[in-house]
Amino acid sequence: MIISWNTTRQCHLKCKHCYRDAGEKEKNELSTEEGKTLIEEIANSGFKILVLSGGEPLLRDDIFDLTSHAAACGLRPVFGTTGTTITPPVARKLKQSGAARIGISLDSINPEEHDQFRGVPGAWEQAIRGMKYCFDADLPFQIHTTVVEHNYHEVEAITDLAVSLGAAAHHVFFLVPTGRAKDIEAEALREKQYEHLLHRILKKQQEVSIELKPTCAPQFMRIAKQMGMEMRFTKGCLAGTAYCCILPAGDVHPCPYLPVKVGNVREQPFSDIWREAEIFKQLRSEKFGGKCGTCDYKDICSGCRARAYYYTNGDYMAEDPWCLYRRGISVDQ
């Protein structure tokens with residue numbers, strides 16, 4: 001089981017697709033002590049991996065203390081970061097505090113394209129330097145790419161760059177319109193591109209030794225099975241079943257891209273929310289609408305609940321609109 005904690009809304013980049021609409025720090029973000037209590041609740045609820053993200057998590061003054069506490073509680077602390085603030089001392093402190101892996105965003109092999117998407121000149125070079133500093137500190141890192149129309153063609157090239165830099169994995173995030181990403185919804189991949197890219201990623205997986213994982217595209221599990229590929233993953237969409245997200249001020253959402261409040265850890269222990277919340281129970285029922293409810297691959301896919309929510313004006317149990325299989329259409333390879 002895996003959980004994300006958006007430790008802060010503060011960020012110095014201006015990414016066009018930011019699901020958290022990051023920028024200024026929220027006034028009521030969880031304190032260090034509240035964060036430690038949350039971490040203990042997460043561990044006691046059976047979670048194994050804690051993703052510390054943001055905003056930019058490395059802007060929190062107490063981030064190394066929180067990381068150490070997570071490791072001491074038996075969790076595997078990993079990061080989702082821009083990588084732009086990682087220096088040699090920061091990389092060493094992350095390693096010493098128990099960080100298991102650092103996920104660093106990189107959206108193009110072209111520095112100008114990445115910087116334009118991230119809103120700040122020099123972000124590409126700083127991210128690459130951050131990766132190299134992690135490598136030098138013997139701190140495993142992976143590359144995270146958000147894919148839209150303008151970088152759809154270069155995903156495999158980014159994978160090749162990840163391999164050359166010594167990354168442990170390349171995770172490809174398919175845009176879901178939430179936060180600032182709603183402003184660039186027109187750039188999101190549509191059905192045929194969506195399906196075709198999943199085939200491309202899985203074909204590339206057969207050619208490289210590092211892990212490739214599509215994210216917010218649960219149909220990759222169905223396609224992998226159709227291709228006869230063994231995967232270490234058990235299910236495409238984990239929202240509310242083996243995954244959820246904590247926002248900076250303590251709100252609990254089923255995933256970072258599904259803006260539905262389930263509870264707040266200041267008002268109720270996280271363990272109670274995870275166990276008893278009606279929204280989580282509904283998601284765990286897998287009583288989905290449309291084709292998702294009757295699909296042969298429901299058990300390993302479940303469709304993207306966040307994408308269903310956006311494109312039906314709020315029904316997160318509806319069928320996933322970007323799945324070609326629901327219409328019996330295949331993509332020529």
*Mind jotting down which residue pairs meet the salt bridge (Lys or Arg N to Asp or Glu O under 4.0 Å) criterion with at least one end in residues 50-59? Sequence neighbours excluded, please.*
none

*Pairs in or reaching into residues 67-92: which pass salt bridge (Lys or Arg N to Asp or Glu O under 4.0 Å), with residues at least two apart or in two chains?*
none

For a quick check under 3.5 Å, do [X] and [Y] share a side-chain donor-acceptor pair by atom type?
X    : Y    : answer
Y309 : T178 : no
Y310 : D315 : no
D320 : Q219 : yes
E185 : Y311 : yes
S108 : N151 : no

Could you work out, with salt bridge (Lys or Arg N to Asp or Glu O under 4.0 Å) as the rule, every residue matching [X], not counting sequence neighbours?
X    : result
R180 : D21
D65  : K36
R20  : none
R275 : D272

*For T85, what residues pass the side chain to side chain donor-acceptor pair (under 3.5 Å) criterion, not counting sequence neighbours?*
none

*asked:* Checking T84 now: which residues fulfil side chain to side chain donor-acceptor pair (under 3.5 Å) with it, not counting sequence neighbours?
replied: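 Applying side chain to side chain donor-acceptor pair (under 3.5 Å) to T84 gives H12, T82.
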
Please tabulate, for the side chains in residues 282-290, all donor-acceptor contacts under 3.5 angstrom to protein atoms that are two or more places apart in sequence or on a different chain.
from	atom 1	to	atom 2	distance (Å)
Q282	OE1	Y316	OH	2.7
R284	NE	G240	O	2.7
R284	NH1	W274	O	3.0
R284	NH2	G240	O	3.3
R284	NH2	W274	O	2.8
S285	OG	Q282	O	2.6
S285	OG	K287	N	3.3
E286	OE2	K235	NZ	2.5

*Check side-chain contact (heavy atoms from CB on, under 4.5 Å) between A99 and all other residues, then give those that pass, not counting sequence neighbours.*
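Scan of A99 (side-chain contact (heavy atoms from CB on, under 4.5 Å), adjacent residues dropped) gives T67, F79, L94, I102, L139.
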
Donor-acceptor contacts under 3.5 Å from residues 168-175 side chains, at least two apart:
from	atom 1	to	atom 2	distance (Å)
H170	ND1	T159	OG1	2.7
H170	NE2	T145	OG1	2.9
H171	ND1	Q142	NE2	3.3
H171	NE2	E211	OE2	2.8

*Is the gap between the ring centers of F220 and Y194 under 6.0 Å?*
no

_List the residues meeting ring pair (Phe, Tyr, Trp, His ring centres under 6.0 Å) with Y297, not counting sequence neighbours, and say none if there are none._
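Y297 satisfies ring pair (Phe, Tyr, Trp, His ring centres under 6.0 Å) with Y325 only.
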
